Amino acid sequence: MTKYFTSILFLIGSYAIAQMPSAPQGGDGKIMGTLMDSVAKTPVEFATLSLYKTTDLVKPIDGTLTDEKGKFTLKNVPNGKFAVKFSSIGFKDKMVFLEEITAKNRTITLKDIYLSTDAKLLNEVVVTGQGAVIEEKVDRLVYNADKDITSKGGDAADILRKVPLLSVDLDGNVSLRGSSNIRVLINNKPSIIMAASIADALKQIPADQIKTVEVITSPSAKYDAEGSSGIINIITKKNNLEGYSLNTDIGGGNRGANLGLNGSLRSGKFGMTLGGFGRANFNPSETTFEQITKGTQNTYRTSQRGNARDEMVFGRYTLGADYDISKTKSLSAGARFGTRSFNRNQDLTIERFENLTQLSNTNQRIISENPSNSWDFNIDYLHVIKPQKELSISTLYSRSTANSDFTNTPLGNAELEKLALTNRNDNINQEYTVQVDYQTPIKKNQLVEFGGKGIFREVNSDFSYLVGGSIINDPKRPNGSLDYNQNIGAAYLAYTYTSKSKYTFKAGTRYEITDIFATQNNSTDIDIEPYNILVPNVNISKTFGGKYTV
């Protein structure tokens with residue numbers, strides 16, 4: 001439709017230019033510039049320019065049209081004083097008076113000319129109707145959170161509790177049809193933070209940022225064949241409004257604090273978004289434990305008292321940017337940071353008695369640290385050739401660190417403190433992903449999809465047991481390391497057919513080959529044979545009365 005409308009504008013403008021009298025001959029002046037929309041800050045294409053002498057603003061002497069980028073050039077203009085009138089459907093006409101063209105001032109380059117929209121007062125038009133909150137498709141169920149007025153406040157776990165087929169317990173653990181073997185994607189992309197802990201990751205996504213939730217009960221060949229019971233795809237909102245905004249949500253107290261950010265910037269073809277939520281809790285605690293054991297002659301009592309301070313941090317923040325290269329091509333990039341940690345610092349006193357006689361009195365300091373951070377970076381390219389015919393290229397780099405340190409230090413004197421026991425485990429996970437997808441319609445009721453994907457994973461784990469800060473060799477408490485590399489190559493083909501009787505058939509197949517390398521303690525190779533898998537897939541659905549889908 002846009003193509004036909006543009007062609008009509010071009011023909012109208014061309015006809016208007018053809019009706020103008022020819023410009024006086026012999027001039028070599030030139031007038032150049034660019035015509036812009038004052039609201040959208042985008043070029044106004046195929047607008048009409050009319051050149052007038054300042055002594056006669058009724059009859060034009062020459063004219064031209066702007067090109068696809070809003071640029072215009074008037075040539076062969078004689079010496080003198082002139083004015084240019086700009087006209088385009090949907091905009092108010094604008095007259096601009098120019099500098100005098102002389103022998104020393106042949107070329108006039110105008111700054112960007114902005115046209116204001118021509119607002120017309122129409123009779124009242126009332127449009128009623130609302131999109132469905134829940135939609136059924138051939139291979140998935142879609143919950144439109146932005147159309148549910150009750151889905152305000154809280155986090156992603158609160159949204160998933162409202163989605164059919166899903167169950168979320170009090171701790172935020174999600175199951176699909178009773179199975180917890182599921183994959184969770186964010187905007188069609190995997191995230192290491194989800195792989196580490198789905199429950200913790202859901203707490204880091206504000207409910208107000210979620211647009212839709214897709215429950216893919218029968219994943220097609222386009223998705224990785226990792227043996228899950230289904231896929232949950234969380235689609236977040238995108239702000240396309242011109243201008244900029246920044247909202248913050250800050251809270252604090254003697255037990256915790258939180259920081260929420262939600263901002264956007266949009267100017268012409270470029271846009272940026274910032275969003276996220278984080279919270280930290282600080283909880284002091286006291287514990288008391290008494291145990292009494294009575295024998296035939298003696299009574300034994302153990303008394304334990306502890307003072308502790310717990311520090312918990314959860315957060316996820318996202319920075320995104322997108323640029324419209326043209327009307328059909330766009331480039332987008334994003335960076336995401338997630339953190340979750342639980343640290344405890346505890347002083348513990350243990351007393352042991354036999355009857356009323358104290359047998360021992362020990363003091364210990366127990367420090368437990370479990371920090372974890374994750375980063376995701378992506379760059380995506382999309383070319384929409386025409387409706388349903390598109391090419392996309394996606395790249396993703398993810399990295400997460402997870403450390404677990406536990407130290408038990410006896411207190412009392414310097415000699416005892418030298419016997420501190422420490423368990424240490426450091427992990428680094430990295431993943432690189434490159435994916436190319438292409439889809440094209442065949443007639444009006446058929447669609448073909450195909451593409452390929454490469455996944456390159458690296459896992460490094462170092463674990464050690466220390467006494468007094470030195471690593472010891474204890475068969476019961478081994479030390480060592482594990483380096484694990486997994487490379488996956490995949491290709492898929494899918495075909496969708498929709499009949500006139502509202503039947504939809506979607507069939508496809510996916511082929512994957514996996515190669516694994518592993519090394520233990522930096523010296524011992526672990527032999528793992530490469531393997532491949534072929535996964536066919538068929539989905540059939542039928543819609544009845546436009547409301548019900550089986």
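This is a predicted model, so every value here is computed, not measured.
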[atom2] on [Y] to [atom1] on [X], rounded to 0.5 Å:
X	Y	atom1	atom2	value
Thr395	Tyr381	OG1	OH	13.5 Å
Leu274	Asn247	CG	CG	10.5 Å
Ile232	Glu214	CD1	CD	11.5 Å
Asp93	Ser116	CG	OG	11.5 Å
Lys71	Thr66	NZ	OG1	11.0 Å
Arg399	Gln430	CZ	CD	4.5 Å

Quick one: do Leu57 and Phe97 satisfy side-chain contact (heavy atoms from CB on, under 4.5 Å)? Show the steps, please. CA-CA 11 Å; Leu57 298 178; Phe97 289 86; 3.9 Å; yes
Side-chain contact test, heavy atoms from C-beta onward, threshold under 4.5 Å: evaluate it for [X] versus [Y] and give yes or no.
X	Y	answer
Phe82	Glu100	no
Thr73	Thr64	no
His383	Ile385	yes
Arg457	Asn429	no
Glu311	Arg309	yes
Leu51	Ile31	yes
Leu98	Leu110	yes
Lys453	Ile455	yes

If every non-hydrogen atom of [X] is compared with every non-hydrogen atom of [Y], which pair is closest and at what distance?
X	Y	value
Asp37	Val44	N-CG2, 3.5 Å
Gln388	Gln439	O-NE2, 3.1 Å
Ala47	Leu35	CB-CD2, 3.5 Å
Val77	Leu74	CG2-O, 4.0 Å
Pro43	Lys69	CB-O, 3.2 Å
Thr496	Lys506	OG1-CG, 3.4 Å

So, does [X] use its side chain to make a donor-acceptor pair with the main chain of [Y] at under 3.5 Å?
X	Y	result
Asn445	Thr498	yes
Arg161	Leu166	no
Ser372	Thr401	yes
Ser38	Leu115	yes
Asn343	Asn370	yes

Go through Leu391 and Val436 one step at a time and tell me if the side-chain contact (heavy atoms from CB on, under 4.5 Å) criterion holds. CA-CA 8 Å; Leu391 168 69; Val436 179; 4.0 Å; yes
Assess the residue pair Asp405 and Asn403 against the criterion (side-chain hydrogen bond (donor to acceptor under 3.5 Å, both in side chains)); give the C-alpha distance rounded to whole Å, side-chain angles, the decisive distance to 0.1 Å, and a yes or no. CA-CA 7 Å; Asp405 293 339; Asn403 303 323; over 6 Å; no
Go through the steps for Tyr397 and Tyr432 under the test ring pair (Phe, Tyr, Trp, His ring centres under 6.0 Å), then give the verdict. CA-CA 5 Å; Tyr397 169 70; Tyr432 309 82; 5.0 Å; yes
Would you say the ring centroid of Phe450 lies under 6.0 angstrom from that of Tyr438? yes
Report yes or no: do [X] and [Y] form a side-chain donor-acceptor pair below 3.5 Å?
X	Y	answer
Asn427	Asn425	yes
Asn487	Asn485	no
Glu458	Asn460	no
Glu512	Tyr492	no
Asp376	Ser398	yes
Asn144	Glu135	yes

side-chain hydrogen bond (donor to acceptor under 3.5 Å, both in side chains) with Arg344: which residues, sequence neighbours excluded? Asp310
Run Arg510 and Asn537 through side-chain contact (heavy atoms from CB on, under 4.5 Å) and show every step you take. CA-CA 8 Å; Arg510 184 181 185 90; Asn537 180 274; over 6 Å; no
Step by step, would you call Thr318 with Arg316 a side-chain contact (heavy atoms from CB on, under 4.5 Å)? CA-CA 7 Å; Thr318 301; Arg316 184 177 187 272; 3.3 Å; yes
Among Phe46, Tyr52, Phe72, exactly one meets ring pair (Phe, Tyr, Trp, His ring centres under 6.0 Å) together with Phe86. Which residue is that? Phe72
In this structure, are over 12 heavy atoms from other groups packed under 6.0 Å from Ile379 atom CD1? no
